[in-house]
Amino acid sequence: MTGINRPLEGRVAFITGAARGQGRAHAVRLATEGADIIAIDICAPISETITYPMGTSEELAETVRAVEATGRKALAREVDIRDLAALQQVVADGVEQFGRLDILVANAGVLSWGRIWEMSEEQWDTVIDVNLNGTWRTIRATLPAMIAAGNGGSVIIVSSSAGLKATPGNAHYAASKHGLTALTNSLAIEAGEFGIRVNSIHPYSIETPMVEKDAMMAIFAKHPSYLHSFAPMPYNPLDEENKGLQGFMEPDEVADVVAWLAGDGSKTLSGSQIAVDRGAMKH
Ligand SMILES: NC(=O)c1ccc[n+]([C@@H]2O[C@H](COP(=O)([O-])OP(=O)(O)OC[C@H]3O[C@@H](n4cnc5c(N)ncnc54)[C@H](O)[C@@H]3O)[C@@H](O)[C@H]2O)c1
């Protein structure tokens, strides 16, 4: 099938944090639209300061199965986005196998909770090193291949509502995600010279293992005024499909936006910050 049903036919996408959650949803959606997928995930613990488990090898294998079920090809590897050499190797192997690279979804990230002056160095460093430095390394490893392929392309940087506004209780996360907003906009200008568009998405409250409801409730119980910075997710009463999910959105709903940004339907957008929050941040 070609054309409107497979708008990404012939293109290749590199997706980080693809074992589960939003990353898996993006991998499967882009494959459904015709792209071959290079999927990476750390599939290993990161630090004791990250209190929820990371994706697993089995989950990454499940992503591969789901991509292949769409009829597309997948190359998956366990890579830490803090490891530039490993990223460069998987990019080289992916380009050798699939012939080109068109789309980057820089999605891997981690979250923890605490006040700025109380967190440990390891807690601060882990979040900054994965979310900001790791995303830069992801760009450092992939952009040369996208430029060399000569087909232009689309880069989607997964920031957060915390990349646009204050979020007390996770300032290290907010600093990293604001950093990604800046990185997006500078890269949009630099990569624009090669026909590559760069936009950031800013999701809010997506139902994945990163959202530890108990950890959030604990920090709000300790510091009730912080609650004002986390608006409730507006609920669409007409959305039958997600009726049980008040307060959260599904990874698939974010994948709708990523697929649109990856494809030519968004060709006028670069250097844009797209809120994926049902308007919650306007409250
Ligand atoms: N869930 C939300 O409400 C929400 C809101 C806004 C933004 N985000 C962002 O969305 C992105 C995806 O998160 P998610 O909600 O799917 O959470 P998730 O924890 O389910 O998925 C993140 C994946 O990234 C992987 N990962 C973490 N560190 C890595 C590293 N160093 N190298 C390679 N892989 C690594 C994990 O193993 C995991 O599989 C993150 O960047 C997150 O900050 C999430």
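Both counts, for ligands and for their atoms, begin at 1 and track the order of listing.
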Query raised in the report: At under 4.0 Å between heavy atoms, which part of V211 makes contact with ligand 1: side chain, backbone, both or neither?
Result: side chain
Requested in this report: Specify side chain, backbone, both or neither for K177, according to which of its non-hydrogen atoms lie closer than 4.0 Å to ligand 1.
Outcome: side chain
Query raised in the report: Does NZ or CZ of K213 fall inside the cone over F248's six-membered ring, less than 6.0 Å from its centre and within 45° of the axis?
Result: yes
Report summary line: ligand 1 to G21, heavy atom cutoff 4.0 Å, flagged ligand atoms 16 (O), 20 (O)
**Report entry** Residue and atom name of the nearest protein heavy atom (relative to atom 32 (N) of ligand 1), distance in Å to one decimal
**Finding:** I81 N, 3.0 Å
Query raised in the report: Relative to ligand 1, is S159 under 4.0 angstrom through side chain, backbone, both or neither, heavy atoms considered?
Result: backbone
Query raised in the report: For atom 28 (N) of ligand 1, what is the nearest protein heavy atom, given as residue, atom name and distance?
Result: I46 CD1, 3.3 Å
Query raised in the report: Of the protein's non-hydrogen atoms, which lies at the shortest distance from atom 29 (C) of ligand 1, and what is that distance?
Result: I42 CG2, 3.7 Å
Query raised in the report: Does some non-hydrogen atom of F248 fall short of 4.0 Å from ligand 1?
Result: no
Query raised in the report: Can you tell which part of L111 has a heavy atom less than 4.0 Å from ligand 1: side chain, backbone, both or neither?
Result: neither
Requested in this report: May I ask you to decide if A35's main-chain N or O and R6's side chain share a donor-acceptor pair within less than 3.5 Å?
Outcome: no
Query raised in the report: Starting from atom 3 (O) of ligand 1, which protein heavy atom do you reach first, and at what distance in Å?
Result: I206 N, 2.7 Å
**Report entry** Proximal atoms of ligand 1 relative to S205 (non-hydrogen, under 4.0 Å)
**Finding:** 3 (O)
Query raised in the report: Hey, does the side chain of N199 reach the backbone of L269 with a donor-acceptor pair shorter than 3.5 angstrom?
Result: yes
Report task. Can you pull out the closest protein heavy atom to atom 6 (C) of ligand 1? Residue, atom name and distance to 0.1 Å, please. Result -> P203 O, 3.1 Å
Report task. Quick one: look up the protein heavy atom nearest atom 12 (C) of ligand 1 and list residue, atom name and how far away it is. Result -> N107 OD1, 3.1 Å
Report summary line: The closest protein heavy-atom partner of atom 27 (C) of ligand 1 is M54 SD, 3.6 Å
